[in-house]
Amino acid sequence: MRVVLGLLLIASFAVWLIWLLKSLQVGRMRARNNDFEREAAMVTGASDLISLALKHGSSPGARVVVELAKRHHQQNLSAELLKAVARRAIVDEEQRASKLMPTLASIASASPFVGLFGTVWGIMDAFLRIGVEKSASLPVVAPAIGEALIATAFGLVAAIPATIGYNYVDKRIGDFLGELTSSSEAWVETMAADPGTPSAAMPLVRQSDRPTAAGY
């Protein structure tokens with residue numbers, strides 16, 4: 001029984017910790033993205049948009065633009081290709097924003113059953129005590145029944161905040177991704193209307209500052 005209660009206590013603590021961390025994470029992502037979008041709204045050319053994205057490297061929207069910029073120099077660039085690249089980049093942002101959410105969902109769904117297991121264990125213990133003591137008096141069964149009810153309460157204490165926290169954070173993530181998707185459509189149009197040249201291709205890997213063999 002103590003193991004069950006200990007697990008539920010850990011789960012309850014984890015719920016509040018994850019809720020706090022995810023709220024802070026989503027808040028930071030939205031704040032950084034709002035800063036980027038505010039400046040991007042005043043940009044008309046693709047090159048200026050790319051430069052702005054490199055400046056706001058920690059913004060989710062900027063990371064989407066950087067992915068678009070990697071294809072910007074291709075010949076016969078189409079809006080459909082850029083839309084596909086943007087969708088893939090947004091999926092990466094969704095995965096980044098959704099970290100620890102499965103843990104929160106698992107706690108919300110599993111905690112009542114863990115509490116129920118503790119309840120059944122307590123009731124079984126009560127019947128065993130009745131068999132040993134040959135009596136169903138209150139002093140015999142009360143401790144076991146009390147532990148069973150405590151296990152049920154602990155399961156609900158972990159599950160209810162987990163369910164509320166999951167729905168709250170998931171709604172904020174969904175709203176943010178919806179805003180990011182809408183904004184990416186404008187960035188795609190900007191890129192498609194102002195295609196780059198092969199010489200303006202954005203390097204995928206930063207060149208090394210080390211001298212080459214010819215430089216020795």
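- Interatomic distance, Met191 CE to Glu189 CD, rounded to the nearest 0.5 Å: 12.0 Å.
- The closest side-chain heavy-atom distance from Ser23 to Arg172 is below 4.5 Å.
- Val4 and Leu7 sit in two unconnected hydrophobic clusters of ILVMFWY residues. Membership requires side-chain heavy atoms under 4.5 Å apart, directly or through other members.
- Ile50 and Leu52 end up in the same hydrophobic cluster when Ile, Leu, Val, Met, Phe, Trp and Tyr side chains are linked at under 4.5 Å.
- Note: the hydrophobic cluster containing Val64 also contains Leu81 (ILVMFWY, side chain heavy atoms under 4.5 Å, direct or indirect links).
- Arg88 and Asp92 are joined by a salt bridge, as a carboxylate oxygen and a charged side-chain nitrogen come within less than 4.0 angstrom of each other.
- Between the Ser12 side chain and the Leu9 main chain, no donor and acceptor come within less than 3.5 Å of each other.
- Between Val43 and Leu49, the shortest heavy-atom distance links the atoms CG1-N, 3.4 Å.
- Listed here is the closest heavy atom pair of Ala151 and Thr119: CB-N, 3.9 Å.
- At distances below 3.5 Å, not a single donor-acceptor pair connects side-chain atoms of Ser98 with backbone N or O atoms of Gln95.
- Here the CG-CE distance, from Leu177 to Met29, works out to 7.0 Å after rounding to the nearest 0.5 Å.
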Would you please test Arg30 and Asp175 for side-chain contact (heavy atoms from CB on, under 4.5 Å) and show each step? CA-CA 10 Å; Arg30 297 194 72 150; Asp175 291 343; 4.2 Å; yes

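- Heavy-atom minimum distance, Lys22 versus Ala97: NZ-O, 2.5 Å.
- The aromatic rings of Phe117 and Trp121 sit tilted, their planes meeting at an angle between 30° and 60°.
- Taken to the nearest 0.5 Å, the CZ atom of Arg28 stands 10.0 Å off from the OG atom of Ser58.
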Donor-acceptor contacts under 3.5 Å from residues 160-167 side chains, at least two apart:
from: Thr163; atom 1: OG1; to: Ala159; atom 2: O; distance (Å): 3.0
from: Asn167; atom 1: ND2; to: Thr163; atom 2: O; distance (Å): 3.2

Between Arg38 and Asp35, is a salt bridge (charged side-chain N to carboxylate O under 4.0 Å, His left out) present by the stated rule, with each step listed? CA-CA 5 Å; Arg38 192 179 302 111; Asp35 291 339; 3.0 Å; yes

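- Taking hydrophobic clusters as Ile, Leu, Val, Met, Phe, Trp and Tyr residues chained together by side-chain heavy-atom distances below 4.5 Å, Ile18 shares a cluster with Trp16.
- Ser183 places a side-chain N or O within donor-acceptor distance of the main-chain N or O of Glu179, the cut-off being under 3.5 Å.
- To the nearest 0.5 angstrom, Leu104 atom CG is 13.0 Å from Tyr168 atom OH.
- Across every non-hydrogen atom of Thr44 and Thr190, the tightest pair is O-CG2, 3.8 Å.
- Taking CD1 from Ile10 and CG from Leu17, the interatomic distance works out to 12.5 Å, rounded to the nearest 0.5 Å.
- At a threshold of 4.5 Å between non-hydrogen side-chain atoms, the residues Leu5 and Ile150 count as touching.
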Determine, stepwise, if the pair Gln25 / Leu21 fulfils side-chain contact (heavy atoms from CB on, under 4.5 Å). CA-CA 6 Å; Gln25 179 193 16; Leu21 293 176; over 6 Å; no

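- Following chains of ILVMFWY side-chain contacts shorter than 4.5 Å, one cannot reach Val157 starting from Val114, and the two form parts of different hydrophobic clusters.
- For the atom pair Glu185 CD and Arg87 CZ, the distance stands at 10.0 Å (nearest 0.5 Å).
- Taking every heavy atom of both residues into account, Asn33 and Gly61 meet most closely at OD1-N, 2.7 Å.
- Among all heavy-atom pairs drawn from Ala14 and Ile107, the shortest one is CB-CD1, 4.1 Å.
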